[in-house]
> 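This is the structure I have questions about; it appears just below.
The analysis underlying the following values was restricted to heavy atoms, covering all of them including side chains, and did not include hydrogens, waters or symmetry mates. Order of the sequence lines fixes the chain letters, A, B, ..., with proteins taken first and strands second; residue numbering starts at 1 for each chain.
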There are 2 protein chains.
Amino acid sequence: MTPRAGLTADRVTRAAADLADRIGFAALTVSGLARELGVRDASLYSHIRNLADLRARVAVLATAEMADQIGAAVAGRAGKEALAAFAHAYRRFAVRHPGRYAATQIALDPEVVAASPGHRRTLELTGGMIRAYRLAERDQVDAVRLLRSTFHGFSHFEATGGFLHGRDVDASFARAIDALHVALENWPSHDKEGTP
Amino acid sequence: MTPRAGLTADRVTRAAADLADRIGFAALTVSGLARELGVRDASLYSHIRNLADLRARVAVLATAEMADQIGAAVAGRAGKEALAAFAHAYRRFAVRHPGRYAATQIALDPEVVAASPGHRRTLELTGGMIRAYRLAERDQVDAVRLLRSTFHGFSHFEATGGFLHGRDVDASFARAIDALHVALENWPSHDKEGTP
DNA sequence: GTCCTTTCCTAGACTTCCTAGGTAAAAGCC
DNA sequence: GGCTTTTACCTAGGAAGTCTAGGAAAGGAC
């Protein structure tokens, strides 16, 4: 038997994320990954439980990487500047790492989410960004959900070719950010923070 | 040999959509569907070319059904009322038909989209809804993209358990619609239709 | 060095996808 | 009605992917 490939769960996960970026997350298979790593498919089960476990690991890894990039982009910014930086970093990650991005969108067990540093960091970053708009707690939740929905939706349609009109997509995204800022500045609620 | 099951491509597609609503679109298989219909898996290839063809057929069917429901909801409405009706019908469809909804979101060949009555109808309905805001053509495209992104993103997170906070999701959606209306009424652009 | 752990392998069972060819149900024609 | 043609169903089987079990040997600990 030849020397061991020196695999670890971490290395397997990174290789899977790289492969997913190349072929698409949906097309990621244990057997394909094994070929990529130069081992037999059965060998990977020393490091991962099954395909679902592999997918979850990629999701956790990708979420952490994405949070790091968003964090770097919004550092030192507030208000509309932070919103725009967050949004652009979000979309940039999705465009550059389509497989990783798709992984961030799968449903995960609550325990996995709770233990994922990337998920927690994303929450913190989002909370920090939204703070400048001085919304009531309940409105902050609503607003964050609106932002996350828009960012994901946009990236989804961009990735799946859903934007068929000839209109420049970069321009549409810039307008969307402007529009979201307008909405946040004029949040349709009567209990803005600090106002009784 | 026993009597034929009397399958047609249409019947196969509907059965697939129903099954997808029950088990999830991602879990839809030719073999599973064959079991559902009481035939052998190989028999289905008289009616569909392959799994990708089946998925595309479900997508086209679901898009048409969804467009019908949105169309019925917005009939006779304009402005914010139409926006709200559209949004609620969209989300209702996604919640009631998770498999069908997921099918509407897959990337399809441009020829398939071009030939799909549901896609065309969705475009018309969206155009009609956005008309009340009297935006310039370019801004209309941007605004439609924002709306579609938000609706899809919201439905996606709702379906994948991405909204972890205890805040009522119905309320968040209602607020999101209000916020989108505010954004549309105050679209961040200087060339509103009719204004030089 | 020895002993223990664990990573790799082979083997194989199972599922899914899909093609090829055959049979008989169903449709079409007279 | 009978006869012919079409085609929807079947069986058979190969390819690919998933995953378990057990064994061999690489690598780590002492």
Side-chain angles (χ1 to χ4, degrees), chain A residues 1-61 98-100 102-103 106-109 112, chain B residues 1-61 99 102-103 106-109 112:
Chain A
M1 184 155 54
T2 57
R4 294 180 176 179
L7 299 181
T8 61
D10 188 59
R11 288 195 53 197
V12 168
T13 305
R14 288 181 189 283
D18 292 344
L19 183 57
D21 276 348
R22 294 214 305 282
I23 67 172
F25 189 57
L28 182 68
T29 61
V30 173
S31 47
L33 180 60
R35 277 191 298 271
E36 193 72 18
L37 291 167
V39 297
R40 290 290 193 258
D41 56 319
S43 307
L44 294 185
Y45 295 94
S46 299
H47 309 283
I48 58 169
R49 282 201 310 288
N50 49 41
L51 178 60
D53 180 45
L54 177 66
R55 289 166 60 84
R57 287 170 184 273
V58 174
V60 169
L61 171 72
R100 277 172 163 85
I106 65 172
L108 292 176
D109 284 345
V112 175
Chain B
M1 186 156 50
T2 57
R4 293 181 177 182
L7 300 180
T8 60
D10 189 58
R11 286 195 55 194
V12 169
T13 305
R14 287 181 190 285
D18 292 344
L19 183 57
D21 275 348
R22 291 214 306 283
I23 65 171
F25 188 57
L28 181 68
T29 60
V30 171
S31 46
L33 180 60
R35 276 190 297 271
E36 193 73 18
L37 291 167
V39 296
R40 291 287 194 255
D41 57 323
S43 306
L44 292 186
Y45 295 95
S46 298
H47 307 285
I48 58 169
R49 282 201 312 286
N50 49 41
L51 178 60
D53 181 43
L54 178 65
R55 287 165 61 84
R57 289 170 181 272
V58 174
V60 168
L61 171 72
I106 63 171
L108 292 175
D109 284 346
V112 175

> Of all the choices, C/dC8, C/dA26, D/dC10, which nucleotide is nearest to the side chain of A/Ser43 once you look at every atom?
C/dC8
> Under the rule for salt bridge (charged side-chain N to carboxylate O under 4.0 Å, His left out), what residues qualify as partners of B/Arg22, not counting sequence neighbours?
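Per chain and number, B/Arg22 pairs via salt bridge (charged side-chain N to carboxylate O under 4.0 Å, His left out) with B/Glu36.
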> If I take atom CG in residue B/Leu44 and atom C1' in nucleotide D/dT7, what distance separates them, rounded to the nearest angstrom?
15 Å
> Run the salt bridge (charged side-chain N to carboxylate O under 4.0 Å, His left out) test against B/Asp18 and tell me which residues pass, sequence neighbours left out.
B/Arg100
> Give me the atom names and distance for the closest heavy-atom approach of B/Val39 to B/Ala5.
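Looking at all heavy atoms of both residues, the shortest contact is CG1-CB, 3.9 Å.
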> For nucleotides 27-29 of chain C, list the nitrogen or oxygen atoms of the protein found under 3.5 Å from its nitrogen or oxygen atoms, one pair per line.
none

> Rounded to the Å, how far apart are A/Arg40 CZ and D/dG23 C1'?
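It is 16 Å, rounded to the nearest whole Å.
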> In a table with atom names and distances, give each donor-acceptor pair under 3.5 Å that connects a side chain of residues 41-48 of chain A to protein atoms at least two apart or in another chain.
unit_1  : atom_1 : unit_2  : atom_2 : d
A/Ser43 : OG     : A/Arg40 : O      : 3.2
A/Ser46 : OG     : A/Ser43 : O      : 3.4

> Less than 3.5 Å between a donor and an acceptor, one on the side chain of B/Arg4 and one on the base of D/dT7, is that the case here?
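For B/Arg4, whose side chain was compared with the base of D/dT7, there is a donor-acceptor pair (under 3.5 Å).
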> Which atom names give the shortest non-hydrogen contact between B/Ala103 and B/Ala59, and what distance separates them?
O-CB, 3.2 Å
> Can you check nucleotides 14-20 of chain D for protein contacts, nitrogen or oxygen pairs under 3.5 Å, and list what you find?
unit_1 : atom_1 : unit_2  : atom_2 : d
D/dG17 : OP2    : A/Arg35 : NH1    : 3.3
D/dG17 : O5'    : A/Ser31 : OG     : 3.3
D/dT18 : OP2    : A/Val30 : N      : 3.0
D/dT18 : OP2    : A/Ser31 : N      : 3.0
D/dT18 : OP2    : A/Ser31 : OG     : 3.2
D/dC19 : OP2    : A/Tyr45 : OH     : 3.2
D/dC19 : OP2    : A/Leu51 : N      : 3.0
D/dC19 : N4     : A/Asp41 : OD2    : 3.1

> So does B/His47 get a side-chain nitrogen or oxygen closer than 4.0 Å to the phosphate oxygens (OP1/OP2) of D/dC9?
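Looking at the OP1 and OP2 atoms of D/dC9, one of them is under 4.0 Å from a side-chain N or O of B/His47.
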> What residues from residues 5-20 of chain A pass a heavy-atom cutoff of under 4.0 Å to DNA chain C?
A/Ala5, A/Gly6, A/Leu7
> Whole Å only: how far is the CG atom of B/Leu33 from the P atom of C/dT15?
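The answer, rounded to whole Å, is 18 Å.
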> Which donor-acceptor pairs under 3.5 Å do the side chains of residues 24-35 of chain B make with protein atoms, sequence neighbours left out?
unit_1  : atom_1 : unit_2  : atom_2 : d
B/Thr29 : OG1    : B/Gly32 : N      : 2.9

> Mind checking salt bridge (charged side-chain N to carboxylate O under 4.0 Å, His left out) for B/Arg14 and listing every partner two or more places apart, or none if nothing turns up?
B/Asp10, B/Glu65
> Please give, in whole Å, the distance from C/dT16 C1' to B/Arg55 CZ?
14 Å
> Closest approach of A/Gly99 and A/Asp21, non-hydrogen atoms and distance?
N-OD1, 2.9 Å
> Applying salt bridge (charged side-chain N to carboxylate O under 4.0 Å, His left out), name anything that partners B/Arg57, two or more places apart in sequence or on another chain.
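Per chain and number, B/Arg57 pairs via salt bridge (charged side-chain N to carboxylate O under 4.0 Å, His left out) with B/Asp53.
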